[in-house]
Structures are given as structure tokens and as C-alpha cells.
Amino acid sequence: MIDLRSDTVTRPTSAMRQAMAAAEVGDDVLGDDPTVVALERRTAELLGKEAACYMPSGTMTNQVALRVHTEPGDEVLMEAFAHVYLFEAGGPAALSGVMCRLIPGQRGLFTAADVRAALRPSNVHYPPTKLVCVENTHNVGGGSIWPLETVAEVEAAAREAGLRMHLDGARLWNAAAATGIPERAYASHFDSVSVCFSKGLGAPVGSALAGTRAFIERARRFRKQFGGGMRQAGVIAAGALYALEHHRSRLVEDHANAKLLAEGIAAMPGVSIDAATVQTNIVFFEVTAMPAAELANRLSRAGVLMLARGTRIRALTHLDVSRDQIAETLAIMGKTLGSREATV
Ligand code: TLP
């Protein structure tokens, strides 16, 4: 099977497993796990923040961040297709009691003018707006990268209004690899940054939340409250640490593979994509020949897994997909779409 459903499907490499097997561990809730401490230090350093906290998932790092930044009844601004809003099981409402105010974006990006337009004067009728969330790269936006100037402008608009800034940087590593802009340059515009080790970097488990020492101290309390305090977590943190050191620079290979896939798809009948919009490892294309779910089913029977969403299909490239397998995917897609029953 060629599994393009997500970059979360990667399995630890044997070198990573060796690092995990050899990890020194302790009770991390008591602050005793040296591997977790090393991972948190390295992550904070890469992001230019004072401290970081390792957690089981990106959903938890995002939701803990919201909880630290807000009080029930507050409002958080984010793009309409933000992961925090769409795919975190109602976390903002359930865990922080906040309202999400959605900004319509362009491939997941919005502007300082959008932020200013969404702000309302302080008035007893309105929920107080506290936080702006940005997602970089943007998942549903097709792995789109935020230009650094746009981030800076959005930050300026947020600061004018006294708002805080949170970055869902689940795939910030991809943005940095694609642009050559260091992660800390993006991170400098945010009070809190969430990054994932279990996506393109290929570690089996975990994410980290970074910010000031005081922010992370409070985040640790909510991590515990949300059930995310882990004990000998060094075993998995070692995988994340290995991924940080060895798998960031290779992300450009995933981006080249995604481009190859998109260009191949652009030349096929019954599907459509603007290959020029593919900037990182996420490829979304429209399916016109048949329902998208039907195409995904047919591809799966032929050995290729992708995710159908509405009229679109999503395919992600990652550590466990080679260039040859992209060529094979294109051959299978061409055959599936070219067959007589594919056309309606
Ligand atoms: N995204 C997953 C699914 O939940 C959709 C995927 O396959 O892409 N932020 C962003 C931008 C994400 O894409 C994801 C995961 C998360 C946060 C949450 O991370 P986890 O899965 O570790 O909770």
C-alpha cells in the first residue's frame, strides 16, 4: 500500500527505534526524565522561546495554549478552516469555554485588515477578544506557507488591540524547510507556538508547546488537568529528538514529491489542481469525473490510500513515500481515471 492519507502514518525508522530503546528515562510528571528535558530544551532553542513542554498530541498543545491564554466567554480569532476549530473535537468550547470567531481566508491565510475588521469595541454585549491563532503551514489551505511579512502585519494588528498570538505550527518545520526562514523567525511573532514531531518529522508520538517560562509553567498545570502528564516519556521523546536532529532537512524531498504528484495530476482528465499552489507536502485536488469518495475507493483497491473530503481528495507526502512510489501512484491514478467507467 502507498499510504498518502497523512504524514502522521510514518513509522519510526530503525535508527530512531534504537535511539528510543537507548533513551534514559525518569518520571516526567516529577520533572525527572532527562530525555524529555533535552527535547523540551532543544525545541525551545529552535523556536527562540524560554521554555517548552512535551505533550501527547498537537490537539493537546493547541488546546492547552487556548486554555492558558483565555477565560470562559472570551473570543479567539482564527481562519475559517483552522485545525483548532474544525478538527479538535470542539475543544475550544469544551475545554476553554471560548467562542471561535472565524475569518474567511485565502488558502488558510488572512491579513491584518481582516483582523481589524473582526475586532469590536469594548462593550458589555461583546465577548472580549483575547487571542489570534495562525496555522503555518495551513492544512486545509493545501500546505500553504504564511509570508513572514503577513505574519508581522497580523501581529501588529493584534498587538494594537492588546491581543495575544498563538501559532499552530504542526507543520512549521515544512514552512522553514521550504523557505529557508528559520522556525524561530516565524515563532518570534507569537506568544505561544505548538509544533508536532509525529507528522513530517516521522516520530511516533508527540508535540510541544513553547513560550515564556511563566506561560509554560501554567501550561504544565493544564497538561496535567487534561490528562497529558506522562511518566517515562523519554522513550517516545527520544524518537522526537532524533527526528528533530535528522529529519528536518529532508522535508524538501517530500515537497519535491508533492510537486511531482501535483504536476502529474494536473495533466489527468477528471481531476483538477493548480500545481503552482503546492508549496509543501500537502496536495488537494478536485475530482470531477466521479464522487471523490468513489475515486478514493478505487485507488485504495489498486493500492493507493488518499483521503476524500467533499469534492476534494487530500494526499500528503512523507518519510515513508519514495519518489518511485509517487510515479507508481500517478500510473495507478492515470489507469483509474482513464478507464471507461471513470467518465460520467
Ligand atoms: N492533522 C491531522 C488530522 O487531524 C486532520 C492530519 O492528518 O493532517 N494542527 C494541524 C495543522 C494538524 O494538521 C493537526 C493534525 C493537528 C494540529 C493535531 O495534531 P494531533 O493529530 O497530534 O492531535
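Note that the coordinates shown come from a computational prediction; the quantities given were computed from them, not determined experimentally.
Between Pro92 and Gln63, the shortest heavy-atom distance links the atoms N-OE1, 3.2 Å. Across all non-hydrogen atoms, the minimal contact from Ala19 to Tyr242 is CB-CD1, 4.1 Å. Of all non-hydrogen atoms in Lys259 and Val278, the two that sit nearest each other are NZ-O, 3.2 Å. Contact detail for Pro104 and Ala80: the closest heavy-atom pair is CA-CB, 4.4 Å. Among all heavy-atom pairs drawn from Ala52 and Thr43, the shortest one is CB-CB, 4.3 Å. The heavy-atom pair separating Gly206 from Tyr54 by the smallest distance is CA-CE1, 3.7 Å.
At least one donor-acceptor pair under 3.5 Å links the side chain of Glu135 to the backbone N or O of His83. Gln279 contributes a side-chain N or O that, together with a main-chain N or O of Ile145, makes up a donor-acceptor pair within less than 3.5 Å. Side-chain atoms of Ser207 do not come within 3.5 Å of backbone N or O of Met55 as any donor-acceptor pair. With hydrogens and angles disregarded, a donor-acceptor distance shorter than 3.5 Å links the side chain of Arg101 to the backbone of Ala118. Under the 3.5 Å distance criterion, the side-chain polar atoms of Ser198 are left unmatched by any main-chain donor or acceptor of Ala203. Put simply, the side chain of Gln325 never gets that close to the backbone of Ile2: no donor and acceptor are under 3.5 Å apart. At distances below 3.5 Å, at least one donor-acceptor pair connects side-chain atoms of Asp33 with backbone N or O atoms of Gly234.
Residue Arg120 holds its CZ atom at 4.5 Å from CD of Glu75, rounded to the nearest 0.5 Å. Atom SG of Cys196 sits about 10.5 Å away from atom CG of Leu172, to the nearest 0.5 Å. Rounded to the nearest 0.5 Å, atoms OG (Ser192) and CG (Leu131) are 6.5 Å apart. Within the model, atoms CZ of Arg314 and OG of Ser6 stand 4.5 Å from one another, a figure rounded to the nearest 0.5 Å. To the nearest 0.5 Å, atoms NE2 (His247) and CG (Leu201) are separated by 8.5 Å. With values rounded to the nearest 0.5 angstrom, Glu253 atom CD is found 10.5 Å from Thr317 atom OG1.
Using a 4.5 Å cut-off between side-chain heavy atoms of Ile, Leu, Val, Met, Phe, Trp and Tyr, with links allowed through other members, Leu305 and Leu330 fall into different hydrophobic clusters. By the criterion of side-chain heavy atoms lying less than 4.5 angstrom apart, applied directly or through intervening Ile, Leu, Val, Met, Phe, Trp or Tyr residues, Tyr186 is grouped together with Val115 in one hydrophobic cluster. Clustering ILVMFWY residues whenever any of their side-chain heavy atoms sit less than 4.5 angstrom apart, transitively, puts Phe87 in a cluster other than the one holding Phe284. Val68 and Met60 end up in the same hydrophobic cluster when Ile, Leu, Val, Met, Phe, Trp and Tyr side chains are linked at under 4.5 Å. Tracing side-chain contacts under 4.5 Å through hydrophobic residues (I, L, V, M, F, W, Y), one never reaches Leu86 starting from Val134; they form parts of separate clusters.
Considering Val283, Leu307, Leu295, Ile273 in turn, Leu295 is the only one that fulfils the side chain to side chain contact (heavy atoms under 4.5 Å, CB included) rule with Ile313. Exactly one of Ile103, Val132, Leu163, Leu109 qualifies for a side chain to side chain contact (heavy atoms under 4.5 Å, CB included) with Val154. That residue is Val132. Here the options are Val76, Thr61, Leu209, Val193, the test is side chain to side chain contact (heavy atoms under 4.5 Å, CB included), and the partner is His166; only Leu209 passes.
Side-chain atoms of His69 and Phe215, non-hydrogen and from C-beta on, do get closer than 4.5 Å to each other. Contact annotation: the side chain of Arg250 approaches that of Leu319 to within less than 4.5 Å [non-hydrogen atoms, C-beta and beyond]. The side-chain heavy atoms of Thr129 and Leu77, taken from C-beta on, include a pair separated by under 4.5 Å. For the pair Phe285/Met268, no side-chain contact is recorded, criterion being any heavy-atom separation below 4.5 Å from C-beta on. Proximity of Lys130 to Val98: side-chain heavy atoms (C-beta onward) are nowhere separated by under 4.5 Å. At a threshold of 4.5 Å between non-hydrogen side-chain atoms, the residues Leu251 and Asn281 do not count as touching. The shortest side-chain heavy-atom distance between Glu88 and Leu95 does not fall under the 4.5 Å cut-off. With contacts defined as side-chain heavy-atom distances shorter than 4.5 Å, the pair Pro204/Met16 qualifies.
Counting non-hydrogen atoms of neighbouring residues, nucleotides and ligands closer than 6.0 angstrom, the CD atom of Glu217 reaches no more than 12 such neighbours. Arg11 CZ: 12 or fewer foreign heavy atoms inside a 6.0 Å radius. In Gln106, the CD atom is not crowded: 12 or fewer heavy atoms of neighbouring residues, nucleotides or ligands sit closer than 6.0 Å. No more than 12 heavy atoms of other residues, nucleotides or ligands sit less than 6.0 Å from atom CZ of Arg221. No more than 12 heavy-atom neighbours from other residues, nucleotides or ligands sit within 6.0 angstrom of CZ on Phe81. For Tyr85, the OH atom is loosely surrounded, since the number of other residues' heavy atoms within 6.0 Å does not exceed 12.
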Practice task
Could you check Thr111 against Asp114 for side-chain hydrogen bond (donor to acceptor under 3.5 Å, both in side chains), going step by step and ending with a plain yes or no?
Solution key: CA-CA 5 Å; Thr111 64; Asp114 293 326; 3.1 Å; yes
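If you check the side chains of His138 and Ser144, you find no donor sitting under 3.5 Å from an acceptor. Counted by atom type alone, Thr311 and Glu286 present one or more donor-acceptor pairs between their side chains at under 3.5 Å. A side-chain donor-acceptor contact under 3.5 Å links His255 and Asn174.
When the side chain to side chain contact (heavy atoms under 4.5 Å, CB included) test is applied to Glu155, the partners found at least two apart in sequence or on another chain are Arg159, Met165, His189.
Using a 4.0 Å cut-off between charged nitrogen and carboxylate oxygen, Arg41 and Glu45 do not count as a salt-bridge pair. Note on Arg223 versus Asp28: salt bridge recorded, some NZ/NE/NH1/NH2 to OD/OE distance being below 4.0 Å.
With a 4.5 Å cut-off between side-chain heavy atoms of Ile, Leu, Val, Met, Phe, Trp and Tyr, the cluster of Met99 takes in none.
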